[in-house]
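Keep in mind that what you see is a predicted model, and the values were worked out from it rather than measured.
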Amino acid sequence: MIEVVAAALIVDGTVLAARRHTPPGWEFPGGKIEPGETPEQALRRECHEELGIDVQPAELLGRATAPGIVLRLYRAETADEPAARADHLELRRVGADDLDALDWLPVDRALLIAVRPALR
């Protein structure tokens with residue numbers, strides 16, 4: 001099982017969504033936990049690598065599984081402005097009413113139910 005963490009970067013009733021190159025689709029930014037890392041350390045590293053930002057992980061919002069993957073979604077805060085880098089084509093802030101309009105990767109789509117209440 002691959003353990004993955006992702007950040008729900010929530011600001012003013014919106015959450016940051018990132019559109020991947022491969023596999024194509026929208027996701028919450030994050031990535032694999034490396035050996036010896038805590039989930040929080042992995043989230044900080046991945047957000048720095050993928051978005052060029054420093055984050056402070058907060059509470060766990062939810063957990064989802066897909067074949068071979070366990071994804072934990074943490075609410076996270078940053079004072080930095082994220083930028084799409086090599087892994088992503090686009091970044092977008094999305095409100096609760098627009099979450100379903102994006103073509104989310106299946107494991108990320110399973111976590112929309114955990115994100116929606118945090119956007120109200």
Quiz item: Can a salt bridge be assigned to the pair R72 and E3 using a cut-off of 4.0 Å between side-chain N and carboxylate O?
Solution: yes
Quiz item: Is there side-chain contact between L51 and T78, with heavy atoms separated by less than 4.5 Å?
Solution: no
Self-check item: Over all atoms of both residues, closest heavy-atom pair of V94 and A17
Solution: CG2-CB, 4.0 Å
Quiz item: To the nearest 0.5 Å, what is the distance between OH (Y74) and CZ (R63)?
Solution: 10.5 Å
Exercise. To the nearest 0.5 angstrom, please state how far the CZ atom of R92 sits from the OG1 atom of T14.
Key: 12.5 Å
Quiz item: Can you get from V107 to L73 by hopping between Ile, Leu, Val, Met, Phe, Trp and Tyr side chains that sit under 4.5 Å apart?
Solution: yes
Self-check item: Separation of T65 OG1 from M1 CE (nearest 0.5 Å)
Solution: 6.0 Å
Quiz item: If you measure from CD on E27 to CG on D108, what distance do you get to the nearest 0.5 Å?
Solution: 5.5 Å
Self-check item: Crowding at CD, Q41 (>12 non-hydrogen neighbours, <6.0 Å)
Solution: yes
Quiz item: Once you round to the nearest 0.5 Å, how far does CG of L112 lie from CZ of F28?
Solution: 5.0 Å
Quiz item: Roughly how far, to the nearest 0.5 Å, is CD1 of I33 from CD1 of I2?
Solution: 11.5 Å
Quiz item: Would you find more than 12 non-hydrogen atoms of other residues, nucleotides or ligands less than 6.0 Å from L60 atom CG?
Solution: yes
Quiz item: Is it the case that one hydrophobic cluster holds both V115 and L16, taking links as side-chain heavy atoms less than 4.5 Å apart, direct or via other members?
Solution: no
Practice problem: Might you point out which heavy atoms bring V15 and A8 nearest each other, and give the distance in Å? | Solution: CG2-CA, 3.9 Å
Quiz prompt | salt bridge (Lys or Arg N to Asp or Glu O under 4.0 Å), paired with E37, selected from R45, K32, R44 | solution = R45
Quiz prompt | Shortest non-hydrogen separation from A118 to I10 and the atoms involved | solution = CB-CD1, 3.6 Å
